[in-house]
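In listed order, ligands and their atoms are each counted from 1. Quick caveat, the model's predicted, so the values are computed rather than measured.
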Amino acid sequence: MSLLSSLTDRFADAYQASGLERALGAVTVSDRPDLAQFQNNGALAAARGAGRPPRDIAADVIAAAGDPEVFSDLSVAGPGFINISLTDSYLGRHVDRLAADSRFGAVAHDPDRRVLIDFGGPNVAKAMHVGHLRSSLIGDSLQRVFRFAGYTVLSDIHFGDWGTQMGQLIIEAQLRKPDLPYFDPGFTGPYPEEPPFTLEDLQEMYPAVAARTKADPAEAERAREATLELQQGRPGYRALWQHFWNVSHDSQQRDFAQLGVGFDLWHGESTVHDRVAPMLERMQDVATEDAGALIIDVAEEADTKEVPPLLLTKSDGGYLYGTTDLATIDNRVAMKVDEALYVVDARQSLHFEQVFRAAYKAGIASQSMILEHVPFGTMNGPDGKPFKTREGGVLRLDDLIGLVRDAALARLDEAELATEYDEEERRDIAEKVGLAALKYGDLSNNRASNYVFDLDRFTAFEGKTGPYLLYGAVRIKSILRKAADADLVPGSIIAPTVDPERRLMLELSRFPEVIERTIESRAPNHLAEFAYDVVTAFNRFYEECHILSERDAERQASWLGLVELTLAMVSTLLDLLGIEIPERM
Ligand code: ARG
């Protein structure tokens with residue numbers, strides 16, 4: 001159980017014993033670590049209702065809570081705060097219990113609760129851009145932490161494989177290779193197995209046709225018709241589309257694997273195509289016709305800004321991005337999902353507002369189902385605009401990974417790290433350091449803010465960076481290796497005697513709250529921040545406590561136990577951020 005919740009329980013009992021509300025007992029980490037470890041502010045809140053001075057109430061609560069085994073200090077401060085510090089023996093026992101728990105005291109959530117995380121969201125034939133990268137990093141960290149917390153998690157990439165772009169690609173394909181059988185309505189098959197275009201082709205074709213259809217309404221019209229025919233099942237178009245899909249899927253799956261990000265489901269917009277018509281049928285009562293199109297009004301009285309109706313079908317009968325998202329919710333209900341989190345760029349907020357409202361209004365989702373947009377800001381370049389390559393193009397994910405790997409290699413040289421290892425290991429270390437730099441650089445920011453991608457800062461071994469944490473973790477590993485070589489074995493953790501040791505123990509005890517906060521706010525920056533705090537507290541402890549030369553065997557074993565616990569927790573935290581630790585550096 002978490003230290004804060006057991007202290008809170010004790011204080012709740014003490015308030016109750018003084019005839020006051022249990023809820024007043026909330027204990028928090030002290031704002032003034034120089035004066036106390038924890039604090040409780042309940043007496044101040046109780047004073048108004050009780051008609052008594054807060055300091056008097058605090059004195060009563062202290063008298064009721066006091067336990068010399070647990071508290072080394074309970075005192076009233078200022079207008080009526082209660083300052084709280086623990087005895088070293090209580091703290092030591094608590095941390096020793098943490099070390100025996102693979103969850104470090106974190107709450108086990110209900111495994112029957114099914115949480116779907118929709119993230120990644122790349123599109124067929126389009127290069128992934130930084131928005132997809134952020135979605136992938138944040139979404140992956142969230143799937144890891146929700147899983148760690150005990151929920152049943154389903155991650156779904158929601159592949160963009162069904163919109164107007166598909167029709168655009170088809171007409172572009174026809175322009176480039178008109179003799180392919182896919183365009184011949186009389187062709188009776190079978191269609192070739194070899195894909196007619198590579199991913200490079202597709203990525204070049206897509207912007208070309210996008211520009212053409214934008215400039216020329218007749219071309220746009222052809223693309224629209226091709227999309228409709230594809231969606232209505234024209235065999236040649238379906239076969240060609242399947243090639244586009246496979247080629248894009250294979251390459252993107254490789255990219256995601258390099259990034260260390262995996263999905264349970266590769267569902268796409270096309271997956272739910274067959275659900276759309278019956279769903280629209282069921283929506284008859286809430287949908288209305290508008291100039292041949294079908295729409296659903298989702299405005300609410302309390303709206304302060306205009307929320308326009310969601311367009312369900314265009315006048316030609318074609319479906320839209322929102323229509324597929326609605327059908328996807330229908331599918332997720334069928335998959336018994338309780339909670340669906342959409343980790344998507346903040347610029348799509350209005351879209352999700354419309355879709356979620358429509359889903360509730362039409363009864364596709366029950367009111368008890370949670371549909372939530374988890375928005376994030378953009379990763380910007382040094383110019384403050386969304387990150388682009390030097391040439392102004394979209395940066396491909398594998399190029400980005402190459403970029404951070406090279407920068408990491410340069411940093412390793414500069415810091416004279418990993419110099420004696422063979423090329424292969426050095427490359428592997430650089431890849432891990434590079435990815436840690438990239439992921440930590442992203443995840444340590446508040447999810448909603450924009451941030452600047454600063455390769456120099458992200459790859460530094462000093463400061464709040466991925467490489468700093470990896471270096472810290474690797475150093476902890478090497479301490480344990482050295483101890484093992486000297487036949488020293490970690491033992492049970494006993495009462496701390498020096499301040500950096502106490503600080504480290506208090507820091508480690510915060511783990512359960514950090515996990516809860518991350519889950520509640522759907523924001524991995526809390527994990528990132530905490531991992532940094534733990535490594536920093538460890539470094540201070542290690543400076544002060546000379547473990548390997550300690551004469552008192554019990555103390556030495558306890559310190560090694562603390563080292564082992566720190567490593568286990570840091571490894572868990574980095575894993576929850578999707579960061580891998582090399583064996584050595
Ligand atoms: N493919 C979309 C894009 O590139 C992102 C998909 C997000 N998920 C969703 N259910 N709409 O913008």
Do you see a donor-acceptor pair shorter than 3.5 Å between the side chains of Thr328 and Asp325? no
Would you call the rings of Trp266 and Phe256 parallel, tilted or perpendicular if under 30° counts as parallel and over 60° as perpendicular? perpendicular
Does the ring centre of Phe159 sit less than 6.0 Å away from the ring centre of His267? no
Report yes if the side chains of Lys177 and Tyr182 come closer than 4.5 Å at any heavy-atom pair, otherwise no. no
Residues in contact with ligand 1, criterion: heavy atom under 4.0 Å: Asp118, Gly121, Asn123, His132, His158, Tyr321, Asp325, Tyr342, Val344, Gln348, Phe352
Any chance the side chains of Gln143 and Asp140 put a donor and an acceptor closer than 3.5 Å? yes
Is a donor from one side chain sitting under 3.5 angstrom from an acceptor on the other, for Tyr237 and Gln242? no
